[in-house]
Structure formats: C-alpha cells, structure tokens
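Chain identifiers are assigned alphabetically (A, B, ...) following the order of the sequence lines, protein sequences preceding nucleic acid strands; residue numbering begins at 1 within each chain.
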2 protein chains.
Amino acid sequence: MTVICSTGVHDKHDVYALQCPCRDVLDLLANKWAALAIGALEDGPVRFGELQRRLQGISPKVLTNTLRRLEDSGFINREIYAEVPLRVEYSLTDLGHSVSAPLSGLRSWVEAHLHEIS
Amino acid sequence: MTVICSTGVHDKHDVYALQCPCRDVLDLLANKWAALAIGALEDGPVRFGELQRRLQGISPKVLTNTLRRLEDSGFINREIYAEVPLRVEYSLTDLGHSVSAPLSGLRSWVEAHLHEIS
DNA sequence: CAGCATCCCGTGTGATACTG
DNA sequence: CAGTATCACACGGGATGCTG
C-alpha cells in the first residue's frame, strides 16, 4: 500500500484518517462531473457551449458550478475574450494536465472492465 | 484522448455522453468513502470494526451503505463467520483488486501534488 | 461485534426561464 | 454566447440509540 499522506502518518493504516488532505482532492474530483470535465478539456481550450455539448446532459448552472470549483482549486483556467459574441474559453492548467493522467487511467479501467460490472 | 465507451461511440467527444456507462462506475466510486474503502481493503480481509477504525470519522451506517454498494457492484466480498462474538470480514474481489490499481494511481498523484493544491 | 432504525440536514443535481 | 435566478428534490452523510 502506498502511503498517501506523508505528514504525520506513521501507521500506514492511518492514511485514511479524517485529517488526510487527500480527502479534499477526492471530494473535489469525486462528483458527478469534475472528472469528465477535465477529460473534456484534455485536447485544449474549449468554450462553455462546446463543453455543455460534450458533457451531454449537464445543465448550465451545474456546469458553471463544476468549472468554478475546478478553477478555484487551480485545475483549469478561465479566459474571457471581450468579443461579440462573447467568448469564454476553459483550459487545463499544468496541474490540471498532470491530474488528467491518473484520471485517464481510471477511465481506461472502466472501459476495460465494463463487461464485468453489474 | 482515450475512448471510454467502445459501444456506439464514433465521435470521440461523445465519450462523455449521458448514456456512457462509465458514468455508473464514476458515480459509484465518486463518493466520499468508496475509493478509500477499497484502499483500506488492499492488504487483505478486514473486519467491520477495523474498517471503521481505518476510515476514521465514518459512522457505522454510512460504512454499511458504502460496503453494500461496493458489494452489490461486485467489488468486495462479505464473509460471515458464525462465531461468538460474531465476525464479518470484507475483502476485495478480483474486480476490486483490479480497480485498486488506477485508484492507487490517483492517490499517488494526490500525494505528489498535494503542495500545489490550494 | 456488527449492524439496523430513526430522524435530520446540507448540498449536489436538475429543469426551466431569464439576462448582460 | 455565457451564464444567472429560482424553485425543487433526492440522496449522501451524520448523530444517536437500540438489537441479534
């Protein structure tokens, strides 16, 4: 088992302790849309409307919430172009790109084991 | 980008479509405790009480809910030993073990990038 | 010991309509 | 186009007490 929290954890089983900061990250990523939104941005900047099209079924409000949370945590950038019509592009930060790797791993696993899941 | 859903998806951006079955798995894993519970079982069978100790802060009810969901989805086994006192052991199935790999990847990433996250 | 029963609450999610 | 406003709701999660 890999020790998650290097700080103040001596018993390896305490890595799941309430105080473990990895909780925050898991909580952030562990919602219905965040992981998918990051995946949808892997190829480069995407506009709001296009994001909504890719994340089929998401409402504008929920998309906004998701993006704001990811932005506040430093995973994505929000660039506003004062054009007509208005253009807003979302893109992954370096941090966002780096987390997309393990997330891809998870999605690949899903693809590979889909048939085994009830 | 890796195509997640091999079935009926031809536009690579539609992998995030509402019908994508990977949603179910993400929904299952994407709650507060499931990923951590799987991690807590990586080393072998664990009893209910020990699980509650490792997942510090979880209540019995929530732990039961989490375990039931994971059991129903085929990620863990529940073994009952009719002893006195009663003993119930939880362990990962093969499927559970296989998913713990990508989950470890995610947790490792958290460990490595913790300092970069606000 | 390993849970179930019960009550409660916050919030994530959703549908729809509206605006700068 | 890119959101915001509003209302509504199910569900995850928590606290406490009780049971086979």
Specify the separation, in whole Å, of atom [atom1] of [X] and atom [atom2] of [N].
X      : N       : atom1 : atom2 : result
R53(A) : dA2(D)  : CZ    : P     : 13 Å
D27(B) : dG14(C) : CG    : C1'   : 14 Å
E50(A) : dG3(D)  : CD    : C1'   : 17 Å
N31(B) : dT11(C) : CG    : P     : 17 Å
Q52(B) : dG3(C)  : CD    : C1'   : 10 Å
F48(B) : dT19(D) : CZ    : P     : 18 Å
Y81(A) : dG3(D)  : OH    : C1'   : 18 Å
E79(B) : dA2(C)  : CD    : P     : 14 Å

Side-chain touch [X]/[Y], heavy atoms, less than 4.5 angstrom:
X      : Y       : result
K32(A) : L26(B)  : no
V25(A) : I117(B) : yes
Y81(A) : V88(A)  : no

Mind listing the side-chain donor-acceptor pairs of residues 89-102 of chain B below 3.5 Å, one per line with the distance, residues two or more places apart or on another chain?
residue, atom, partner, partner atom, Å
E89(B), OE2, R87(B), NH1, 3.0
Y90(B), OH, R78(B), NE, 3.1
T93(B), OG1, G74(B), O, 2.7
T93(B), OG1, F75(B), O, 3.1
T93(B), OG1, L95(B), N, 3.3
T93(B), OG1, G96(B), N, 3.1
H97(B), ND1, T93(B), O, 3.4
S98(B), OG, W109(A), NE1, 2.9
S98(B), OG, L95(B), O, 2.9
S100(B), OG, H97(B), O, 2.8

Under 4.0 Å from any atom of DNA chain C, heavy atoms only: list the residues of residues 83-93 of chain B that qualify, in numerical order.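 DNA chain C contact set from residues 83-93 of chain B: P85(B), L86(B), V88(B), Y90(B).
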
Any chance you could measure H113(B), atom NE2, to H115(B), atom NE2, to the nearest 0.5 Å?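 Between atom NE2 of H113(B) and atom NE2 of H115(B) there are 7.0 Å.
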
Interatomic distance, I76(A) atom CD1 to I38(A) atom CD1 [nearest 0.5 angstrom]: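 It is 8.0 Å, given to the nearest 0.5 Å.
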
Distance below 4.0 Å between K32(A) side-chain N/O and dG14(C) OP1 or OP2: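 The answer is yes; a side-chain N or O of K32(A) sits under 4.0 Å from OP1 or OP2.
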
R78(B) side-chain proximity, nearest of dA5(C), dG14(C), dG3(C):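 Closest of the options to the side chain of R78(B): dG3(C).
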
Of all the choices, dG3(D), dC4(C), dA2(C), which nucleotide is nearest to the side chain of R47(B) once you look at every atom?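 The nucleotide sitting nearest to the side chain is dA2(C).
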
Side chain K61(B) and base dG3(C) donor-acceptor under 3.5 Å: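 No, no donor-acceptor pair under 3.5 Å.
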
Report the C-alpha distance between R47(B) and E50(B) in whole Å, list the side-chain angles of each, state the deciding distance to 0.1 Å, and finish with yes or no for salt bridge (Lys or Arg N to Asp or Glu O under 4.0 Å). CA-CA 5 Å; R47(B) 302 179 62 175; E50(B) 171 66 12; over 6 Å; no

Would you list the pairs meeting salt bridge (Lys or Arg N to Asp or Glu O under 4.0 Å) in which at least one residue belongs to residues 96-106 of chain B, sequence neighbours left out?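 Residue pairs passing salt bridge (Lys or Arg N to Asp or Glu O under 4.0 Å), neighbours aside: none found.
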
Helical bend (five base pairs per end, nearest 10°) for the helix from dC1(C)-dG20(D) to dG20(C)-dC1(D):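 So the angle between the two local helix axes works out to 60°.
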
Could you list the donor-acceptor pairs under 3.5 angstrom formed by side chains in residues 58-72 of chain B, with sequence neighbours left out?
residue, atom, partner, partner atom, Å
S59(B), OG, V62(B), N, 3.3
T64(B), OG1, P60(B), O, 2.9
T66(B), OG1, V62(B), O, 2.8

Among residues 63-70 of chain A, which contact DNA chain D at a heavy-atom distance under 4.0 Å?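 Under 4.0 Å from DNA chain D: T64(A), R68(A).
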
A40(A) versus L51(A), closest heavy-atom pair with distance: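 A40(A) and L51(A) have their closest heavy atoms at CB-CD2, 3.9 Å.
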
What pair of heavy atoms forms the shortest contact from S104(B) to E42(B), and how long is it?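 The pair with the smallest heavy-atom distance is OG-OE2, 3.1 Å.
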
Can a donor-acceptor pair be found, under 3.5 Å and without considering hydrogens, that links the side chain of N31(A) to the backbone of L28(A)?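 Judged by distance alone, yes, a pair lies under 3.5 Å.
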
